[in-house]
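Keep in mind it's a predicted model, so treat the numbers as computed, not measured. Proteins come first, then strands; the chains are lettered A, B, ... in the order of their sequence lines, and each starts at number 1.
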Amino acid sequence: MSALAVAIVVFGLALIGWLAARMRAATFRTPGRARFTALPVHYGYFVGICALVPPLVFLATWSLTAPALVTDAVLATPAAAALPPPGFERASILSEARELGAGRSYGAFHDLSAKLAPAYAAAQHRYDWIATAIALLLAFAGGGLAFTRVRPDFAARTQVERVVMLLLLAASLIAILTTIGIVASLLYESARFFRIVPIGEFLFGTHWSPQVIDARDPGASLGAVPLFWGTFFIGAVIAMAVAIPFGLMSAIYLTQYAHARTRAWLKPVLEMLAGVPTVVYGYFAALTVAPAVRELGVALGVANASSESALAAGAVMGIMIIPFVSSMADDSIAAVPASMRDGSLAMGATQSETIRRVILPAALPGVVGGILLAVSRAIGETMIVVMAASGVATLTANPFASTTTVTKQIVDLLTGEAEFDSAKTLAAFALGLTLFVITLALNIVALTVVKRYREAYE
Amino acid sequence: MSKSRLPTDWKAASVQRRTRRRYAAERRFRLMGLAAVWLSAGFLAFLLVSMVSEGLSGFRQARVTLPIDLAAAKLAVTPQQVRGRGADLALAGAGLEGAVDRAATQAFGPGGADLISDGAWLVVRDAIEADPALLRRRTTIAVPVASAIDVAAKHDGTPAAEAIVTRLKARGVLTMGWSAGFLTAADATDPTRVGIWGALKGSLLTMAVTIALAFPIGVLAALYLEEYAPRNRWTDLIEVSINNLAAVPSIIFGLLGLAVFLGTFHLPRSAPLVGGLTLALMTMPVIVITGRNAIKAVPPSIRDAALAVGASPVQVVFDHVLPLALPGILTGTIIGMARALGETAPLLMIGMRAFIAAPPSRLTDPATVLPVQIFLWSDDIDRGFVEKTSAAIIVLLVVLLAMNGLAIYLRNRFETRW
């Protein structure tokens with residue numbers, strides 16, 4: 001039986017256990033017995049959990065170990081003696097035989113794999129039955145033992161609730177595990193990279209051309225400074241030059257001037273900008289904005305106006321970030337006490353004077369925090385730059401020229417045809433680590449600024 | 001201490017000038033705000049209008065009426081075979097493709113076979129399957145034209161294609177119709193044959209994995225952190241990592257998926273399973289954060305009342321708090337899923353950028369998702385793909401807007417003010 005079928009059967013058994021225990025526990029409720037420690041449904045859950053968890057844990061471990069056991073069994077057959085020594089060919093023959101044996105493929109490229117296929121099928125069949133038998137046995141044993149404990153004086157609720165609390169704890173630990181997983185995988189792969197390329201050359205080198213890596217000195221063509229500059233230029237300079245004025249002025253208008261009814265529909269409209277997928281912005285940038293920017297550059301007499309300009313990618317990224325800046329500014333402006341605004345207005349200041357001299361300075365820390373978060377989002381943004389920015393790393397401050405970014409390079413490096421542990425592939429992880437560290441630092445600083453500021457007025 | 005001064009003369013020219021200047025500044029500032037809002041909304045409108053105007057033609061297809069004499073073509077296939085199973089195979093084996101090409105050459109002269117799409121014979125095949133009697137007589141069937149002519153018929157194409165379009169129009173054989181295949185087919189090399197169903201199905205499978213993991217884990221974690229967690233260093237650590245995860249660039253999750261799911265666990269490349277796992281890790285923090293806010297909004301009096309009549313802490317949460325917080329949690333989940341549905345970069349990292357011509361049927365089959373399909377088509381130099389890309393974007397935006405609309409509806413419908 002397939003693992004899925006076994007799992008379904010086990011679930012069925014657990015359900016039967018749940019029903020049986022519930023029905024039995026329901027009979028406890030006889031007049032005269034005043035107190036119960038648990039409801040019938042708790043007995044049901046107790047038996048169900050006992051019937052379900054051991055076989056599922058077994059199946060999960062089994063599915064990790066079984067393929068190796070099956071392969072060992074196949075290697076023990078006489079036909080396997082003809083296999084080539086361990087290596088790529090041996091692995092490909094074995095995996096082909098496995099597919100053939102499972103009936104998932106019909107043609108064999110190697111003759112040997114056709115010979116090994118029956119052995120695979122047989123071993124797989126045998127181990128599948130062993131697994132099924134053990135899983136069902138565990139389900140019956142667990143459920144049966146639990147059922148014998150269904151007595152009026154058994155505190156089923158406490159047991160069930162202990163399991164629930166464990167489940168809740170496990171769920172929240174997954175967040176930590178994910179963080180650890182990200183940091184560990186980035187660190188591990190980056191460490192392999194920095195064994196090939198010195199960390200100094202990577203961080204401070206000014207020449208980036210991963211397509212032609214000199215095997216004797218890989219660091220010479222893997223200096224990431226142009227990428228850092230391009231990322232900063234597109235994400236923190238150009239995108240913010242668009243997002244800050246538009247976002248801030250929108251927030252000011254919507255909070256200070258707009259009629260409540262206008263605000264009620266204009267704000268969601270702006271928020272729609274944030275809901276458009278980045279691949280759509282990327283397509284828009286590449287198809288519509290980039291040619292227009294190039295023509296503008298040519299019209300202005302810029303010599304090397306590129307159709308993959310930093311300006312096109314940055315401007316579209318800025319548009320994407322407008323609602324983000326706007327809602328952060330909105331929050332900080334809303335947190336400024338009304339008495340400050342009223343005081344200024346009472347002194348005869350106009351509304352714009354009040355906003356510029358009183359409200360904005362008071363809201364500034366929150367606004368700055370929001371902008372830092374927006375920068376963090378902009379430099380981590382991928383699809384717009386993948387589709388609209390260039391792949392060529394140049395150190396330029398000309399917005400019409402082409403530049404590249406860290407995220408664009410990660411995509412380029414990992415979607416090529418390189419093997420998994422070349423300097424080129426590993427460089428992507430080193431870039432990822434740098435990106436992670438920078439965005440993490442920006443986020444922490446921004447959140448601290450925002451938090452500290454909010455406390456001041458509460 | 002201050003010397004006495006005359007009352008301000010509000011009528012004085014200097015005062016009035018200053019007041020006028022200040023009022024003008026006020027108006028300018030206000031106008032700048034208004035302009036910022038309208039320009040931002042204008043960007044959105046421009047984006048949407050340009051996508052729709054580019055993409056609507058992708059749902060339509062130019063067809064040419066092709067007279068074809070199937071009886072004369074003498075296909076080695078009988079109507080009985082067509083009625084039975086394996087009709088597709090029988091018709092393909094019987095040389096239907098050649099027969100359609102010959103019919104095109106006969107009707108439109110030499111080069112006629114190049115006028116019609118590579119997939120034209122599939123339309124004829126479907127017509128025969130619908131009515132096997134066609135095999136015995138002459139008939140006319142509207143078949144899709146080749147991509148270059150399709151482009152020329154809708155927009156402006158190459159001069160050669162334009163000339164052909166003019167000629168066909170003069171003969172009155174060119175018609176425009178609804179491109180039925182666009183919603184039901186998968187990826188192909190020929191823009192007249194592509195469809196989004198393969199990518200959409202990949203997206204659905206991926207989203208199924210994502211929600212199956214992210215929703216329970218996210219809700220349980222939110223419940224734990226908000227209701228039970230003791231205030232100590234461990235809880236702070238969990239809280240900080242969840243807040244940080246929500247702000248980590250999505251491509252980093254792609255790197256995690258690549259290194260852990262593909263590199264360590266050797267799960268299949270390009271599979272919805274891996275894509276779903278990766279996106280689940282990304283969506284979970286969003287669900288936890290919105291879930292916690294929803295749980296926080298449930299007033300303590302409800303918990304106290306339940307505890308007072310003897311409920312255990314677990315019963316309080318699962319019987320009272322969770323049902324009341326659920327609408328808020330659902331809203332957050334839908335928003336998180338909408339974000340995951342539009343995500344491209346992490347999926348590129350785990351190899352979901354291959355050319356996949358068949359819709360996936362299992363979680364471990366190679367698949368692509370809608371945003372990645374858009375990305376792949378946008379890279380294609382064939383002009384026919386431009387409108388297909390925009391058309392796919394329209395579909396994606398419609399789905400996302402529907403999801404966001406549902407979230408807003410749920411929020412308004414079930415919002416409770418305590």
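- Note on B:T389, B:L39, B:N404: by heavy-atom pairs under 4.5 Å with chain A, the leading option is B:T389.
- Chain A forms the most heavy-atom pairs under 4.5 Å with one residue out of B:I242, B:L245, B:L225, and that residue is B:L245.
- Contacts between B:L396 and chain A at a heavy-atom distance below 4.5 Å involve the side chain alone, from C-beta outward.
- Using a 4.5 Å cut-off between heavy atoms, B:L48 touches chain A through its side chain atoms alone.
- Here OG1 of A:T178 is found 12.5 Å from CG of B:N244. Values are rounded to the nearest 0.5 Å.
- For the set B:E239, B:R22, B:R28, B:M51, the entry with the most heavy-atom pairs within less than 4.5 Å of chain A is B:R22.
- For a heavy-atom cut-off of 4.5 Å, chain A lies close to B:G342, B:T344, B:A345 in residues 339-346 of chain B.
- Atom CZ of B:F375 has more than 12 neighbouring heavy atoms from other residues, nucleotides or ligands inside a 6.0 Å radius.
- Taking a 6.0 Å sphere around CZ of B:F355, one finds it holds more than 12 heavy atoms contributed by other residues, nucleotides or ligands.
- Both the backbone and the side chain of A:T350 come within contact range of chain B, judged by heavy atoms closer than 4.5 Å.
- Of the atoms belonging to B:A338, not a single heavy atom falls under 4.5 Å from chain A.
- No part of B:V288 comes within reach of chain A, as not one of its non-hydrogen atoms sits under 4.5 angstrom from that chain.
- Using a 4.5 Å cut-off between heavy atoms, B:M32 contacts chain A through both its backbone and its side chain.
- Between chain B and the options A:V280, A:V242, A:T158, A:V269, heavy-atom pairs under 4.5 Å are most frequent for A:V280.
- At most 12 heavy atoms of other shown residues, nucleotides or ligands fall within 6.0 angstrom of atom OH in A:Y188.
- Counting heavy-atom pairs under 4.5 Å between each of A:S172, A:G380, A:G181, A:G432 and chain B puts A:S172 at the top.
- In this structure, chain B has a heavy atom under 4.5 Å from the side chain of A:I319, while its backbone stays farther away.
- With 3.5 Å as the limit, one finds no donor-acceptor pair spanning the side chains of B:R30 and A:Q256.
- Of the two parts of B:L397, only the side chain, counted from C-beta on, holds a non-hydrogen atom closer than 4.5 Å to a non-hydrogen atom of chain A.
- Between chain A and the options B:P249, B:A25, B:S250, heavy-atom pairs under 4.5 Å are most frequent for B:P249.
- The contact between B:S312 and chain A is made by backbone and side chain atoms together, counting heavy-atom distances below 4.5 Å.
- Put simply, CG on A:L168 and CD1 on B:I217 are 12.0 Å apart, with the number rounded to the nearest 0.5 Å.
- With a 4.5 Å cut-off on non-hydrogen atoms, B:Q315 touches chain A through its backbone and its side chain both.
- Both the backbone and the side chain of B:P371 come within contact range of chain A, with heavy atoms under 4.5 Å apart.
- With respect to chain B, the highest number of heavy-atom pairs below 4.5 Å among A:V316, A:V160, A:I355 belongs to A:I355.
- Of the listed residues (B:L34, B:V386, B:V260, B:L400), the greatest number of heavy-atom pairs within a distance under 4.5 Å of chain A belongs to B:L34.
- Heavy-atom distances place the side chain of A:L266, and not its backbone, under 4.5 Å from chain B.
- With a 4.5 angstrom heavy-atom cutoff, B:F253 touches chain A only via side-chain atoms.
- Both the backbone and the side chain of B:L44 come within less than 4.5 Å of a heavy atom of chain A.
- Using a distance-only test at 3.5 Å, with no hydrogens or angles considered, a donor-acceptor pair links the side chain of B:E26 to the main chain of A:Q351.
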>> Set out, in order, the CA-CA distance, both residues' side-chain angles and the distance that settles ring pair (Phe, Tyr, Trp, His ring centres under 6.0 Å) for A:F284 and B:F46, then state yes or no.
In response: CA-CA 10 Å; A:F284 180 63; B:F46 180 54; 5.7 Å; yes

